[in-house]
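Here is the naming used below: chain letters follow the sequence lines, and residue numbers restart at 1 for every chain.
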Amino acid sequence: MSIAADASPDFEGYAHPERLVSTGWLAEHLGEPGLVVVESDEDVLLYESGHIPGAVKIDWHTDLNDPVQRDYVDGAAFARLVGSKGISRDSTVVIYGDKNNWWAAYALWVFTLFGHEDVRLLDGGRAKWEAEGREYTREATKPEAADYPVVERDDSTIRAFKDDVLAHLGSPLIDVRSPEEFSGERTTAPAYPEEGALRAGHIPTARNVPWGKAAAADGTFKRTPELDALYRDEAGLANGDEVIAYCRIGERSAHTWFVLTHLLGFENVRNYDGSWTEWGSAVRVPIVQGAQPGEAPAR
Amino acid sequence: MTMTDHTVLPASLAGIRDEFLALEQGDRLLLLLEFADELPDLPERFREHPDLLERVEECQSPVYMFVETDGGVVQLHATAPREAPTTRGFASILAQGLSGLGVEEVLAVPDDFPLTIGLTEAVSPLRLRGMSGMLGRTKRRLRASEA
């Protein structure tokens, strides 16, 4: 039985406001049966340094990625992982994290690959919880293990692979990396180590909307009019479009996937998790450099 | 893996490595958190002269460090934000393990030290590159000041 949505007026205008909860809502509902709070961060130690009471930790790298093959864990491993965190198939899962919920959105996207129905983000993430002086604890959460069914991952609906992107060229692509990565000056985000791609630039026709533009200064998502201005007016997306978003490894674009799907209501958005670390090293795929999207190659 | 002749792990770093290896995976993270908590504030003189500090580009989080020698004895200072405890932990391990050693001893530390302290599983090799970056920069600084 899932828990009633946060009816905060702040979420009015979003296509699926039930996908967000406010810090106040979470504080009121902490400890409620059926609710599991998950922290997912870039920094693997941030949870241990202090977390929302009762929250469990899921790490994108050590928990959600397969340790050998470049892929996500399979249904059996996912079931073991989330079951050990006390999550059942019908749990309401609220995810929060650092960096404007960047990694939290990534975790939410992976939960969605496994069809977990009720998974939400804490609007504003760690930064807002902290700014409001709300409680943190270092006490380890000891969840009671739950039975989670082994569900086959659905890689066809919200995930795109390189061949899907090649077939998609000419349809809307959103490159959510920094302008420097888009133009080809760098292959990684400013202030991040250079690594992982042999060539620099972007996929032809992609429009550059850096992911962080969707976040307000306090870490919450911007409201609908501002998001519409970014994605519809500037990037030219229209209702009914099939969209693929990408970044470097698919984490920043999972944040944009959340915005387009759950806040703006686009129904056919896929995240290309191979992203630039695959495209920028693949043989004979088209690349455009410079600030302009460029043309789709003739077929 | 065989160690080449010119690398020697100083007792200080060997002690830190052994502390980590004696623990279960989950407890290793807690020990790293202890190191993060222990990273001392920068000495006053650096707070007034942030230009003296070097940014460690290999780290995902902003970390700045400064290496100095006094009579051949190395001191390593570093700072990283509270929101980046992993990076603080790495910096603290190196600051505690390298400070007080002679220049030659620091230069002889094996470059793969970060990969030998039992954190590849709990933290991931990708993230450990940050500590390798700090160690590499420390050595480069020392070589440059010797030249």
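Here the shortest heavy-atom pairing between Thr62(A) and Ala122(B) reads CG2-O, 3.8 Å. The minimum heavy-atom distance between Leu45(A) and Leu29(B), with the atom names listed, is CD1-O, 3.2 Å.
For Asp59(A), the part lying under 4.5 angstrom from a heavy atom of chain B is the side chain only. Neither the backbone nor the side chain of Arg126(A) comes within contact range of chain B; no heavy atoms are under 4.5 Å apart. Using a 4.5 Å cut-off between heavy atoms, Arg88(B) does not touch chain A at all.
Rounded to the nearest 0.5 Å, atoms CG (Leu46(A)) and CD (Glu83(B)) are 8.0 Å apart.
Applying the side chain to side chain donor-acceptor pair (under 3.5 Å) test to Asp218(A) and every residue at least two apart in sequence or in another chain returns Thr220(A).
The 12-atom threshold is not exceeded at CZ of Arg199(A), counting heavy atoms of other residues, nucleotides or ligands nearer than 6.0 Å. Around CD of Gln25(B), the count of heavy atoms belonging to other residues, nucleotides or ligands within 6.0 Å exceeds 12.
Taking non-hydrogen atoms and a 4.5 Å limit, the residue list of residues 30-42 of chain B in contact with chain A, ordered by number, reads Leu30(B), Leu32(B), Leu33(B), Asp37(B).
At least one donor-acceptor pair under 3.5 Å links the side chain of Arg127(B) to the backbone N or O of Glu42(A).
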